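Please read the structure below before turning to the comments.
We name chains A, B, ... by the order of the sequence lines, and we start the count at 1 in each one. All figures in this text were calculated on a predicted structure; none of them were measured in a lab.
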Amino acid sequence: MAKYWLMKSEPGSYSIDDLKREGQTFWDGVRNYQARNLMRDEMQVGDRVLFYHSNTAPVGVAGLARVVREAYPDHTARDPHDAHYDPKASHENPRWYMVDIEFEEKFPQILGLDQLREIKGLQEMVLLNRSRLSVQPVRTAEFKTIVKLARSLSE
DNA sequence: GCCAACGTTGGC
DNA sequence: GCCAACGTTGGC
C-alpha cells in the first residue's frame, strides 16, 4: 500500500516548476532527525507526495510527486561547500539520507494554507499542528481531500 | 524582517 | 540526563 507524505520546499530554492522541468530530483538537505527517519524508514517507491511551497506567498500545496527511489546517503552532507554541510557525516556513517521523487502534477493554483485550515477533516493534519516538520506523513483521507479540492480550483 | 515555536548542542 | 543557550524553520 502506497503511503502519503507532504514535503516542503522553499520555491526560491526548488519549486514545483523546477520539478516539472527536470522531471525528477533528489531530496537533499533534510537535517532533522524526525524527517530523516520518515524518509529512511518509512518511504517506499510508489508513495505519493504533496509538494508544499513554504516561506513564500502564498504558502500551500503546489502539486504532486511520487517517490521513485528509496532512501540513500545524502552526499551534500559531506560537501564542505554545501549549505547543508555536516562535519559529523562520514562515508561509514552518512547520518543524513535523501530519496528521489518524480514530478506528477502541478495544481492549477496553489491550495493555500489558509484554505486548508478551513476544511473540516484536515484539522488533525501534521501540517496544521506541527508546522515545522519538513517531511511529514499525511493520512489517506487527507491526501484525497486535498487532491480533489486542488483539482477543482480553476486556473 | 520579525519572532514564536521548537529542535539541537553541550556544559555540568 | 537536565536544561540553558543557541540555531533554524516558516508564517506573517
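We find that CG of A/N129 is positioned 14 Å from P of B/dA5, with the value rounded to whole Å. Taking atom CG on A/D86 and atom P on B/dT9, their separation rounds to 8 Å, with Å as the unit. Nucleotide C/dT9 holds its P atom 16 Å from the CG atom of A/L127, rounded to whole Å. Between A/L128 atom CG and C/dG10 atom C1' the separation is 14 Å, expressed in whole Å. As rounded to whole Å, 15 Å separates atom C1' of C/dG7 from atom CZ of A/R31. Spacing between atom NE2 of A/H53 and atom P of C/dG10 amounts to 14 Å, rounded to whole angstrom units. For A/K88 and B/dT8, the NZ to P distance is 11 Å, given to the nearest whole Å. A straight line from OH of A/Y85 to P of C/dT8 spans 16 Å, rounded to a whole angstrom.
Residue contacts shown for A/R36 are absent, as no nucleic acid heavy atom lies under 4.0 Å away.
Distances shorter than 4.0 Å separate some side-chain N or O of A/R117 from OP1 or OP2 on C/dC12. Contact between the side-chain N/O atoms of A/Y52 and the OP1/OP2 oxygens of C/dG11 is found at a separation under 4.0 Å. Distances shown here put a side-chain N or O of A/K8 below 4.0 Å from the OP1 or OP2 atom of C/dG10.
In summary, A/K106 and A/D17 engage in a salt bridge, as defined by a charged side-chain N under 4.0 Å from a carboxylate O. A salt bridge does not link A/K20 to A/E105: none of the charged nitrogens lies less than 4.0 Å from a carboxylate oxygen. A salt bridge links A/R21 with A/D18: the distance from a Lys NZ or Arg NE/NH1/NH2 to an Asp or Glu carboxylate oxygen falls below 4.0 Å. A salt bridge between A/R40 and A/E70 is absent, with no side-chain N of the basic residue lying under 4.0 Å from a carboxylate O of the acidic one.
The aromatic rings of A/W27 and A/Y14 lie perpendicular to each other, with more than 60° between the two planes, well past the 30° mark.
The A/R132 side chain lies nearest to B/dA5 when the options are B/dT9, B/dA5, C/dG11. Distances from the side chain of A/S134 to the nucleotides C/dG10, C/dC12, B/dG7 place C/dG10 closest.
Each of A/Y33 and A/N55 was assigned the nucleotide of DNA chain B with the nearest heavy atom; the assignment lying further toward the 5' end belongs to A/N55.
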